[in-house]
Amino acid sequence: MAAFTSAAIKQNCAHSCDSNGGCLPLIYLWGAQKAGTTSLYSMMHDVGVCGGNTRYSGFAHWTKDIKETHYLVSVDVPSRSRYTATFLSHDCPCRCFVEATPDNLFVPPTAARLRFMMNQAEAVRAV
């Protein structure tokens with residue numbers, strides 16, 4: 001995304017949301033710790049982008065609108081319905097979600113888990 005404006009974000013965030021309101025994020029920030037992912041996420045959050053929640057990530061407490069869901073690194077067999085329940089449309093008015101867990105870069109099967117849950121059109125659009 002070249003410009004972080006509300007219009008640019010909305011244009012690039014036509015998500016696939018299911019009938020339960022679960023959405024698949026199409027923006028992924030995969031970078032090493034201390035590489036600027038938090039700063040980039042903060043800039044995107046300031047114009048309306050939302051994080052996910054920790055419902056299915058094995059955390060003791062449930063939190064929403066966070067940068068790091070840890071879902072893709074905490075499951076052995078990914079579930080599209082559980083992953084999309086991590087990004088709920090009623091939690092984000094613009095329905096523009098970003099997944100920004102730095103550990104996604106370091107856990108080898110993470111990319112394969114994500115691709116397993118996406119259809120071809122979603123895989124092509126994901127940035």
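Using a 4.5 Å heavy-atom cutoff, the side chains of L72 and M117 are in contact. Considering only heavy atoms from C-beta on, C17 stays 4.5 Å or farther from F97 through its side chain. In this structure, the side chains of I66 and N53 stay at 4.5 Å or more apart for every pair of heavy atoms. Inter-residue side-chain proximity for W30 and P102 is flagged as unmet; no heavy-atom pair is nearer than 4.5 Å.
P78 and D76 make their closest contact through CD-O, 3.7 Å (heavy atoms, listed as atom of the first residue, atom of the second, distance). In terms of heavy-atom proximity, S89 sits nearest to R95 at CB-NE, 3.3 Å. Of all heavy-atom pairs between G48 and C94, the closest is O-SG, 3.1 Å.
The neighbour count for R80 CZ, taken as heavy atoms of other residues, nucleotides or ligands under 6.0 Å away, is above 12. The environment of F106 atom CZ is dense: over 12 non-hydrogen atoms of other residues, nucleotides or ligands sit within 6.0 angstrom.
A donor-acceptor pair under 3.5 Å is absent between the side-chain atoms of Y28 and the main chain of T101, judged by distance alone. Side-chain atoms of Y71 never come within 3.5 Å of backbone atoms of E68 as a donor-acceptor pair (strictly under, hydrogens ignored). With hydrogens and angles ignored, the 3.5 Å screen pairs no side-chain donor or acceptor of T86 with any backbone N or O of G52. Counting only distance, with no hydrogens or angles, the side chain of T84 and the backbone of C23 share no donor-acceptor pair below 3.5 Å. A distance-only check finds no donor-acceptor pair linking the side chain of N104 to the backbone of G31 [under 3.5 Å]. Judged by distance alone, the side chain of N20 and the main-chain N or O of G22 form no donor-acceptor pair under 3.5 Å. Of the possible donor and acceptor atoms, one in the side chain of R113 sits under 3.5 Å from a partner among the backbone N and O of V75.
Between C92 and C50 the SG-SG gap is short of 2.5 angstrom.
Distance check: E99 CD to Y41 OH gives 10.0 Å after rounding to the nearest 0.5 Å. In this structure, T38 OG1 and L29 CG are separated by 9.5 Å, a value rounded to the nearest 0.5 Å. Note: K67 NZ to L40 CG = 9.5 Å, rounded to the nearest 0.5 Å. The distance from the NE2 atom of H45 to the CG atom of D65 is 3.5 Å, given to the nearest 0.5 Å. In this structure, CZ in F87 is found 11.0 Å from SG in C96, a value given to the nearest 0.5 Å.
Annotation for V73: hydrophobic cluster partners, listed by chain and number, are V107 (ILVMFWY side-chain heavy atoms under 4.5 Å, direct or chained).
A salt bridge is defined here as a Lys NZ or Arg NE, NH1 or NH2 lying under 4.0 Å from an Asp or Glu carboxylate O, and E122 with R115 fails to meet this definition.
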